[in-house]
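For clarity, every value in this text was computed on a predicted model and none was experimentally measured.
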Amino acid sequence: MFYTSTRDKTLRVEASEAITRGISAEGGLFVPTEIPKVSLSDLQDLIPLSYIERAKKILALYLTDFTPEEIDYCVNGAYKAGKFSSEKVAPTVKLDGSASILELFRGPTCAFKDMALQLLPYLLTTSAKKTAPDKDIVILVATSGDTGKAAMAGFQDVDRTRILVFYPDNGVSPMQKLQMVTQEGENVGVCAIRGNFDDAQSSVKKIFTDKAVGEKLAENGLMFSSANSINWGRLVPQIVYYCSAYADMVEAGEVKLGEPMNVVVPTGNFGNILAAYYAKQMGVPIAKFICASNANNVLTDFLTTGTYDKNRKFYTTASPSMDILISSNLERLLFMMSDGDDAAVRGWMDALSKDGKYTVPDDVFAKIRENFAAGCADDDKTFATIKATYEKDHYLSDTHTGVAIAVYNEYVEKTGDKTPTVIASTASPYKFPKAVLTALNGEAPAIDEFDMAAELSKQTGTVVPPQLASLKEKKVRFDNVCDIPDMEQQVYDLLHI
């Protein structure tokens with residue numbers, strides 16, 4: 001299998017090169033030139049398998065330049081016993097009615113990013129041995145809260161890698177910030193920026209594609225790669241858990257083999273829901289993709305109008321990982337929906353960069369509308385949903401999952417669609433104890449984050465994940481803050497070059 005770029009479809013690279021490079025030289029994102037297929041028989045064969053064995057089968061279809069032994073090494077290392085708090089790795093939990101929660105937060109950092117970022121270091125180091133054996137890899141990351149910690153946890157002290165993370169200083173939860181600034185590892189660097197996630201992400205992409213920066217790294221035996229979802233190595237593991245979720249839904253009797261399910265995803269960067277779309281293109285029976293946004297509802301507006309317009313007020317919300325106005329992975333969907341028209345994608349991305357908006361033609365928008373529904377929920381609606389879900393189903397969700405449940409409930413009320421549905425749950429509620437306590441009680445007590453987590457545990461009978469509770473005793477290692485124009489120099493400083 002080969003990969004091309006969303007902005008230059010003449011390009012052909014193998015999976016290992018796409019993963020090592022992270023982003024194409026002209027700024028495009030790597031996508032497979034064809035999507036492998038799975039039959040209903042293949043999906044039935046997944047049902048009795050462990051998550052590890054399911055992952056090996058799906059990943060082998062995309063990583064065709066990896067040997068079976070290399071795939072075994074990567075997958076076994078990522079999902080081995082003890083790393084995730086559920087034996088099933090990504091279990092489903094049935095709510096009342098037609099919905100089941102797909103719990104993607106059972107990993108070491110309590111966020112769905114672990115599903116990919118426990119695997120990516122293995123994929124990347126295996127790829128680099130094939131494509132760049134003489135260079136050390138510098139992982140450059142912009143994060144809205146969860147990717148940074150999950151990436152650092154995955155890459156901590158991995159041989160021949162370094163990882164640098166930039167996050168918005170006032171745009172993450174206190175628990176998310178503590179996870180990052182206390183991160184251990186000799187190859188780790190963290191810096192806050194004065195700005196929002198979009199500022200950080202845009203600057204990171206600019207640094208990535210700056211030839212002068214690349215040359216300076218090369219002089220020092222280094223090269224960039226990415227742990228953000230612009231890297232295909234981040235996206236392909238996410239396809240696995242939607243294939244796995246369908247197998248679990250069949251096993252649980254929620255759907256019969258061949259019958260469709262819907263998928264609801266709270267998303268800002270569009271990668272998580274895009275992975276589900278790839279699963280459908282492979283042959284997983286998914287009827288509708290319901291995209292859930294918070295008050296930063298740029299995706300909701302695009303999916304209902306065909307116009308993407310980031311020229312709007314930016315909101316800092318209780319679901320900070322979705323506080324995003326530039327959804328990088330939407331570019332991959334546009335490439336597919338335009339039948340691989342790289343010139344059109346270049347035009348839309350240029351317009352987004354220059355004017356902050358673009359409109360897709362009617363034929364492209366019609367394909368999008370056929371597959372995607374969308375809705376949004378502000379903090380008040382999210383808090384009300386968290387409380388109602390807990391009282392009705394005794395299920396405690398975080399704020400991002402609260403957004404998804406709220407949007408799903410409105411979708412069902414509006415459409416009457418009772419198709420069995422999987423709702424992606426992207427983080428532990430204990431990453432946002434103040435917000436969740438506020439949702440349950442109307443306000444949170446004036447105590448620190450750790451006491452709030454203890455109070456939430458006492459009130460609900462749920463358990464504080466030990467990896468979050470232990471942050472209280474950890475030493476802060478990184479307290480530097482920079483302005484956007486100084487990020488390039490921060491890269492040099494953190495790398496000591």
Legend entry - Side-chain heavy atoms of L120 within contact of F155, under 4.5 Å: yes

Legend entry - Check: S144 and Y167 side chains under 4.5 Å, non-hydrogen atoms: no

Inset, instruction - Answer yes when K387 and E391 have at least one side-chain N-carboxylate O distance shorter than 4.0 Å, and no when they do not. - result: yes

Legend entry - Ion pair check, R106 and D114, cut-off under 4.0 Å: no

Inset, instruction - Report yes if some heavy atom in the side chain of Y358 is under 4.5 Å from a heavy atom in the side chain of D350; otherwise report no. - result: no

Inset, instruction - Could you grab the distance from atom CG of N329 to atom CG of N269, nearest 0.5 Å is fine? - result: 6.0 Å

Legend entry - Of all pairs that satisfy ring pair (Phe, Tyr, Trp, His ring centres under 6.0 Å), the ones with a partner from residues 65-89, not counting sequence neighbours: Y51-Y79, Y73-Y122, Y79-F84

Legend entry - Side-chain heavy atoms of N371 within contact of K288, under 4.5 Å: no

Legend entry - Heavy-atom closest pair, residues T267 and S293: O-OG, 4.4 Å

Inset, instruction - For the pair Y278 and Y62, name the ring-plane relationship: parallel under 30°, tilted 30 to 60°, perpendicular over 60°. - result: perpendicular

Legend entry - Separation between NE2 of H400 and OG of S428, rounded to the nearest 0.5 Å: 12.0 Å

Inset, instruction - Compute whether any side-chain donor of one residue and acceptor of the other, for T6 and E331, lie under 3.5 angstrom apart. - result: yes

Inset, instruction - Using the test side chain to side chain contact (heavy atoms under 4.5 Å, CB included), find all partners of T67 that sit at least two apart in sequence or belong to another chain. - result: E69, E70

Legend entry - Pair Q176, K431: side-chain N/O donor-acceptor within cut-off below 3.5 Å: no

Inset, instruction - Verify the distance criterion only: is there a donor paired with an acceptor across the side chains of S319 and T399 at less than 3.5 Å? - result: no

Inset, instruction - Decide, yes or no, whether a salt bridge links K414 with E410 under the criterion of side-chain N to carboxylate O below 4.0 Å. - result: no

Inset, instruction - Indicate whether the side chain of K113 and that of T147 have a donor and an acceptor atom separated by less than 3.5 Å. - result: yes

Inset, instruction - Test salt bridge (Lys or Arg N to Asp or Glu O under 4.0 Å) on D339 and K367 and set out the steps. - result: CA-CA 11 Å; D339 298 322; K367 293 180 187 177; 3.1 Å; yes

Inset, instruction - With the side chain counted from C-beta on, respond yes when I368 and L303 share a heavy-atom pair under 4.5 Å apart, and no when they do not. - result: yes

Inset, instruction - Please round to the nearest 0.5 Å and tell me the distance separating atom CD1 of I35 and atom CD1 of I239. - result: 8.0 Å

Legend entry - For P48 against D45, the heavy-atom pair lying closest together: CD-O, 3.4 Å

Inset, instruction - Answer yes if the side chains of T20 and T131 hold a donor-acceptor pair under 3.5 Å, and no otherwise. - result: yes

Inset, instruction - Answer yes if the side chains of D417 and T419 hold a donor-acceptor pair under 3.5 Å, and no otherwise. - result: yes

Legend entry - Side-chain H-bond candidate by donor/acceptor type, Y241 with N272, under 3.5 Å: yes

Inset, instruction - Working to the nearest 0.5 Å, report the span between CG of N262 and OH of Y411. - result: 5.0 Å

Legend entry - Whether E53 side chain and L46 backbone form a donor-acceptor pair below 3.5 Å: no

Inset, instruction - Give a yes-or-no answer on whether the side chains of D146 and S321 include a donor-acceptor pair shorter than 3.5 Å. - result: yes

Inset, instruction - Would you indicate whether the side-chain heavy atoms of K9 and T33 approach each other to under 4.5 Å? - result: no

Legend entry - K56 and N76: side chain donor to acceptor below 3.5 Å: yes

Inset, instruction - Would you check if there is a donor-acceptor pair between the side chains of T401 and D398 at a distance under 3.5 Å? - result: yes

Inset, instruction - Return yes if a side-chain donor-acceptor contact under 3.5 Å exists between D323 and N296, otherwise no. - result: yes

Inset, instruction - May I ask you to check whether T307 and T359 show a side-chain donor-acceptor distance below 3.5 Å? - result: yes

Legend entry - Donor-acceptor side-chain pairing of E14 and T64 below 3.5 angstrom: no

Inset, instruction - Check whether any side-chain heavy atom of Y308 sits under 4.5 Å from a side-chain heavy atom of D301, and report yes or no. - result: no

Legend entry - Donor on one side chain, acceptor on other, T460 and Y395, under 3.5 Å: no

Inset, instruction - Would you indicate whether the side-chain heavy atoms of Y3 and V31 approach each other to under 4.5 Å? - result: no

Legend entry - D342/R346 salt bridge by N-O under 4.0 Å criterion: yes

Inset, instruction - Please check if the distance between the ring centroids of F105 and F112 is under 6.0 Å. - result: no

Inset, instruction - Scan side-chain atoms only and decide if K149 and Q183 contain a donor-acceptor pair under the 3.5 Å cut-off. - result: yes

Legend entry - OG on S16 to CG on L124, rounded to 0.5 Å: 10.5 Å

Legend entry - Side chains of E103 and S86, donor plus acceptor under 3.5 Å: no

Legend entry - Side-chain donor-acceptor pair present, Y430, T462, cut-off under 3.5 Å: yes

Legend entry - Gap between atom CD1 of I52 and atom NZ of K57 - 0.5 Å precision: 14.0 Å

Legend entry - Aromatic ring proximity, centroids under 6.0 angstrom, F372 and F270: yes

Inset, instruction - Output all residues satisfying side-chain hydrogen bond (donor to acceptor under 3.5 Å, both in side chains) with S244, sequence neighbours left out; order by chain, then residue number. - result: R54

Inset, instruction - Could you verify whether a donor N or O on one side chain and an acceptor N or O on the other, from R234 and N231, lie under 3.5 Å apart? - result: no

Legend entry - D96 with K392: basic N within carboxylate O range, under 4.0 Å: yes

